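Here is the structure we will look at.
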Amino acid sequence: MPKLTKTIVDKAIPREKQFTIWCSELKGFGVFVQSSGTRTYFVDYRNVHGVRKRMTIGRHGPLTVEQARKLAMAELGGVVTGRDPADDRATRRRSVTVRELCEDYLAMAEKGLVLGKGNRPKKMSTLYTDRGRINRHIVPLLGSTRVVDLSKADINRFLRDVASGKTAKVEKTMKRGKSIVKGGAGTAARTTGLLSGIISFAVDQGIIETNPVHGVKRPADARRRRRLGPEEYGRLGQALAEARAKGETPQLIDAVWLLALTGCRLGEIIHLKHAEVDRAGGCLRLEDKEGASLRPIGRTVLDYLTTIEAVEDCPTVLAPVRDGQVFGGMARGWKRIAKKAKLEGVTPHTLRHSFASAASELGYTEPTIAAMLGHAAGSITSRYIHHLDSVLISAADNVAATIHAMMVFQPEEAQPDSGALGSRTVVEGL
């Protein structure tokens, strides 16, 4: 029986049935090797009453052998003083509150131990949003509730309270800054989705047996139905042209144009690097997601990108206005542009939905549109980009050119016929 090491654990060959490898150096410390290949560390001991207990420490991978050994030593040390670690853990699990669960969830997520889309660790930007929803909605309404006592009635009441604006308020964020916390159906739906993930984490930890959020109907997010029509695209284009003529921040104008022509998310454009623009391949190779993502773009967007002046030693397409890593003036800047264009209820993300809507009007199928938007369902984007690259790039270029034509259309020019969205528009002189 050797000392447990990483090499021994990694090289253990799974068998038809689970088996155990004990550590010769620390009595009671071992690892289960399951038939699936999963390896789980544990401690085995007898409490003060002589009853044999076994307690799981964690899985190999997220935990190294040495980390597991230190945790095992701590638990076995408690046994010597009369503690029963397994009972202590069970007691903690029965009494943990939603607030404490959220703290544990965020701590584990920050270490990369909570997986998001595609079974990848959550990005820090996603965790920032999660933390805001936890602190502003989940903790104020459910923080003192014990996790084991949560019911569907609690979740439904939580949904109603957030939707009705019970947690809405204005917070000071800096000396002169503020954060406006809103309620509404969309906020309720998204926050409840996060709560479901947190409770699923509790199920995995053995704190609760089932997730009470499952089966609860969430309200539809009305903002997602907002789309720009041809006239609104025209007003947006005119507002951008007037803003540029009056000396508006170039990065803001370029960001709005790129959002409209690519259907990308705001963060993807703000953080877009020169190295992620594949001109030969006609796509963006984004690395700042939860894993790599390919976006077909085509000539219309590539031509626009050539008009953006690169700043020496700046890796991002949109250079920072002041010292910093990325352009940070989008929030207030968008409000100025939207006001000038008379666009009510429109956010930068609306441009993404509008891109999809324009693609649908052009007759493209849902899988094609999903591939253009970089949706993570399966590996649809990579399949298209490698096997149907010219078709998909042409489709993305067609959508971008059509949107560009609507944004630069001038009243004195001939009004395009009702079938304009269905034809290929060639754009010159971007």
Side-chain angles (χ1 to χ4, degrees), residues 1-48 50-93 96 100-101 103-124 126-127 197-209 211 287 289-292 376 379:
M1 186 171 63
K3 172 185 175 180
L4 273 186
T5 63
K6 181 179 185 300
T7 300
I8 289 175
V9 176
D10 285 340
K11 290 187 175 181
I13 300 175
R15 303 172 186 171
E16 187 176 346
K17 293 184 179 180
Q18 174 183 293
F19 68 95
T20 302
I21 304 175
W22 296 95
C23 179
S24 61
E25 184 180 83
L26 182 61
K27 185 179 179 180
F29 174 48
V31 61
F32 293 128
V33 180
Q34 298 172 335
S35 58
S36 64
T38 301
R39 295 151 170 83
T40 305
Y41 298 107
F42 69 91
V43 290
D44 189 279
Y45 65 94
R46 290 187 182 275
N47 63 15
V48 292
V51 178
R52 186 177 179 181
K53 297 289 187 72
R54 182 166 287 179
M55 187 177 75
T56 299
I57 294 176
R59 289 188 178 183
H60 176 64
L63 279 180
T64 66
V65 177
E66 291 308 312
Q67 288 173 333
R69 192 190 315 278
K70 289 179 181 178
L71 291 171
M73 291 175 63
E75 300 296 356
L76 292 172
V79 173
V80 174
T81 62
R83 284 182 47 239
D84 189 330
D87 281 354
D88 290 348
R89 175 183 286 184
T91 300
R92 287 196 301 271
R93 285 176 174 173
V96 68
E100 293 166 336
L101 173 64
E103 292 172 354
D104 291 343
Y105 174 86
L106 289 173
M108 295 288 279
E110 288 172 353
K111 295 176 182 177
L113 301 179
V114 175
L115 304 182
K117 294 179 180 178
N119 288 326
R120 294 182 292 265
K122 286 193 170 187
K123 293 194 305 178
M124 293 308 296
T126 302
L127 290 177
I198 295 172
I199 302 301
S200 292
F201 168 75
V203 173
D204 292 340
Q205 297 295 308
I207 297 173
I208 192 172
E209 292 185 1
N211 188 338
E287 298 295 336
K289 272 183 82 177
E290 294 169 352
S379 57

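These values consider heavy atoms only, across backbone and side chains, with no hydrogens, waters or symmetry-generated copies. Just so we're clear, the structure is a prediction, and the values are computed from it rather than from any experiment.
Taking the side chain as every heavy atom from C-beta outward, Val114 and Leu106 never approach each other to under 4.5 Å. Taking the side chain as every heavy atom from C-beta outward, Ser35 and Glu16 never approach each other to under 4.5 Å. Proximity of His60 to Asp10: side-chain heavy atoms (C-beta onward) are separated by under 4.5 Å at one or more points. Put simply, the side chain of Val43 reaches to within 4.5 Å of the side chain of Ile57, judged on heavy atoms. With contacts defined as side-chain heavy-atom distances shorter than 4.5 Å, the pair Thr64/Lys6 does not qualify.
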Verdict with reasoning, Ile199 to Leu101, per side-chain contact (heavy atoms from CB on, under 4.5 Å) = CA-CA 8 Å; Ile199 302 301; Leu101 173 64; 4.0 Å; yes
Report task. For Arg83 and Glu75, run salt bridge (Lys or Arg N to Asp or Glu O under 4.0 Å): C-alpha distance rounded to whole Å, both residues' side-chain angles, the deciding distance at 0.1 Å, then the answer. Result -> CA-CA 9 Å; Arg83 284 182 47 239; Glu75 300 296 356; 3.7 Å; yes
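If you take CG on Asp44 and CZ on Arg46, they are separated by 8.0 Å, rounding to the nearest 0.5 Å. Atom OG1 of Thr5 is separated from atom CD of Glu66 by 9.0 Å, given to the nearest 0.5 angstrom. Rounded to the nearest 0.5 angstrom, Leu127 CG and Tyr105 OH are separated by 7.0 Å. Rounded to the nearest 0.5 angstrom, Asp104 CG and Gln205 CD are separated by 8.0 Å. For the atom pair CD of Glu110 and NZ of Lys122, the computed distance is 11.5 Å after rounding to the nearest 0.5 Å.
Taking the six-membered ring where the residue is Trp, Trp22 and Phe42 present perpendicular rings, their angle passing 60° and hence far from 30°.
For the pair Arg69 (side chain) and Glu25 (backbone), a donor-acceptor distance under 3.5 Å is absent. The backbone N or O of Gly37 sits less than 3.5 Å from a side-chain atom of Arg39, completing a donor-acceptor pair.
Scanning both residues, Pro14 and Phe19, for their nearest heavy atoms gives CA-CE2, 4.3 Å. Shown here for Gly58 and Leu63, the closest heavy-atom pair between the two residues is CA-CD1, 3.7 Å.
Applying the ring-ring contact (aromatic ring centres under 6.0 Å, His included) rule to Tyr45 yields no partners; only residues at least two apart in sequence or on another chain are considered.
Screening Leu71, Val9, Thr56 against Tyr41 for a side-chain contact (heavy atoms from CB on, under 4.5 Å) leaves a single residue, Val9.
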